[in-house]
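In what follows, chains carry the letters A, B, and so on, assigned in the order in which the sequence lines appear, proteins first and then strands, with residues in each chain numbered from 1.
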2 protein chains.
Amino acid sequence: MALSRTSLETAIHEKIRSSGLRLTMPRRAICSVLSAHEEEFLTTSEILSAVEMNGLAIDPSTVYRTLDDFAEIGLVHHIHLGSQPGQWHLTVDHDHQHLVCESCGRTTLVPTIEIEPLFEVLRRSYGFHASLHHFAILGTCADCEPSDGHPHG
Amino acid sequence: MALSRTSLETAIHEKIRSSGLRLTMPRRAICSVLSAHEEEFLTTSEILSAVEMNGLAIDPSTVYRTLDDFAEIGLVHHIHLGSQPGQWHLTVDHDHQHLVCESCGRTTLVPTIEIEPLFEVLRRSYGFHASLHHFAILGTCADCEPSDGHPHG
DNA sequence: GTCGCAGATGCAATACTTCGCAAAAACAAC
DNA sequence: GTTGTTTTTGCGAAGTATTGCATCTGCGAC
């Protein structure tokens with residue numbers, strides 16, 4: 001039951017307000033970009049360019065701060081691949097996690113239920129609460145793993 | 001069967017040589033620091049300071065390049081916590097993984113065998129080979145989780 | 001609609017990271 | 001030990017990310 005882009009944005013706006021953050025022009029602009037790229041990870045500079053393409057001008061530092069604020073309320077999360085700049089992603093939908101291929105950069109979605117047993121072990125045995133927002137698993141996807149028996153053309 | 005600090009360093013040196021990298025003073029200095037802090041994640045500036053405390057002087061850019069080179073041969077890996085600078089760690093010993101607390105920064109070791117079932121699922125169902133080197137799970141440790149029933153003084 | 005306060009922004013300064021290039025060092029061959 | 005080739009280093013410069021602070025703006029109260 002996917003939300004339309006507009007409803008998605010409305011939902012995000014509500015989350016921002018209800019978390020005690022103010023809904024400002026830069027934040028709207030960033031939300032809009034994130035909603036339009038719901039399935040991708042974007043770098044800060046990609047976000048910035050996209051905002052500018054929408055005819056708006058915001059400061060790079062505002063992008064960084066806004067993303068940090070959004071991360072704090074669980075609206076977005078980010079990952080780092082190797083030494084590349086961080087990549088950001090909406091976290092509206094918590095029922096999947098990300099497998100990120102270090103070779104081709106593609107992300108695969110995995111239902112959280114597959115990973116929940118591990119989290120349960122970590123909670124029970126170590127008292128450790130894994131953060132869903134930051135949990136991206138890096139590795140090599142089927143297409144990029146040479147000896148996997150899943151060759152692709 | 002842990003290696004003594006000296007044997008650990010020797011093993012690292014061999015790995016460097018056998019990977020076709022040259023064993024230089026800056027690399028020795030960095031290896032020495034990493035070996036002495038085998039259980040911690042260190043930032044580049046912490047590594048740099050530690051090298052200087054050993055009476056040696058190397059350039060920051062050399063630290064970055066050396067760590068990248070070491071990562072390429074699987075000798076080290078790094079993680080990013082939130083917006084903090086990246087943190088590095090030796091990867092000699094593969095039989096544990098890291099839980100990193102985003103609140104206090106402490107790391108907890110977990111035997112890989114606890115996590116292996118998840119990796120197995122990812123391999124079987126998704127053809128995805130999770131990279132052990134990059135696998136640090138972020139979250140909140142028992143001490144920092146207020147409502148966990150594991151209060152500490 | 002206007003006022004006031006707290007939070008957010010933009011700008012500038014700082015810190016962190018990467019890159020290019022000439023000089024230096026490692027290592028193999030002699 | 002010396003020589004030659006190739007990698008690595010340090011330095012400077014450029015690019016990217018973060019922080020401090022004065023100003024501005026969202027939003028609730030009137």
With side chain to side chain contact (heavy atoms under 4.5 Å, CB included) as the criterion, how do A/E114 and B/Y126 come out once you've worked through the C-alpha distance, each side chain's angles and the decisive distance to 0.1 Å?
CA-CA 11 Å; A/E114 302 257 46; B/Y126 301 90; 2.9 Å; yes
Which residue lies toward the 5' end of DNA chain C, B/T44 or B/R22, if each is placed at its nearest nucleotide?
B/T44
Can you tell me which nucleotide in D/dC27, D/dG10, C/dA8 comes closest to the side chain of B/D59?
D/dG10
NA contact type, A/S61, heavy-atom cut-off 4.0 Å: base, sugar-phosphate, or nothing?
base
At under 4.0 Å between heavy atoms, what does A/R17 touch on the DNA or RNA strands: base, sugar-phosphate, or nothing?
sugar-phosphate
What is the separation between atom [atom1] on [X] and atom [atom2] on [N], rounded to the nearest whole Å?
| X | N | atom1 | atom2 | value |
| --- | --- | --- | --- | --- |
| A/H13 | D/dG26 | NE2 | C1' | 14 Å |
| A/F70 | C/dG7 | CZ | P | 17 Å |
| B/M25 | D/dT9 | CE | P | 9 Å |
| B/L21 | C/dC27 | CG | P | 10 Å |
| B/Y64 | D/dG10 | OH | P | 14 Å |
| A/I16 | D/dC27 | CD1 | C1' | 15 Å |
| A/I58 | D/dA17 | CD1 | C1' | 15 Å |
| B/E72 | D/dT7 | CD | P | 14 Å |

Within 6.0 angstrom of A/E52 CD, more than 12 heavy atoms from elsewhere:
yes
Decide yes or no, distance alone: a donor-acceptor N/O pair under 3.5 angstrom between the base of D/dG20 and the side-chain of A/R65.
yes
Earlier contact from the 5' end, DNA chain D, for A/S45 and A/L23
A/S45
How about A/H77 and A/H89: are their ring centres within less than 6.0 Å of each other?
yes
B/S19 side chain vs B/K15 backbone, donor-acceptor pair below 3.5 Å:
yes
Distance check: side-chain N/O of B/T62 vs OP1/OP2 of D/dG10, anything under 4.0 Å?
yes
Does B/L90 reach the side chain of B/F70, with side-chain heavy atoms less than 4.5 Å apart?
no
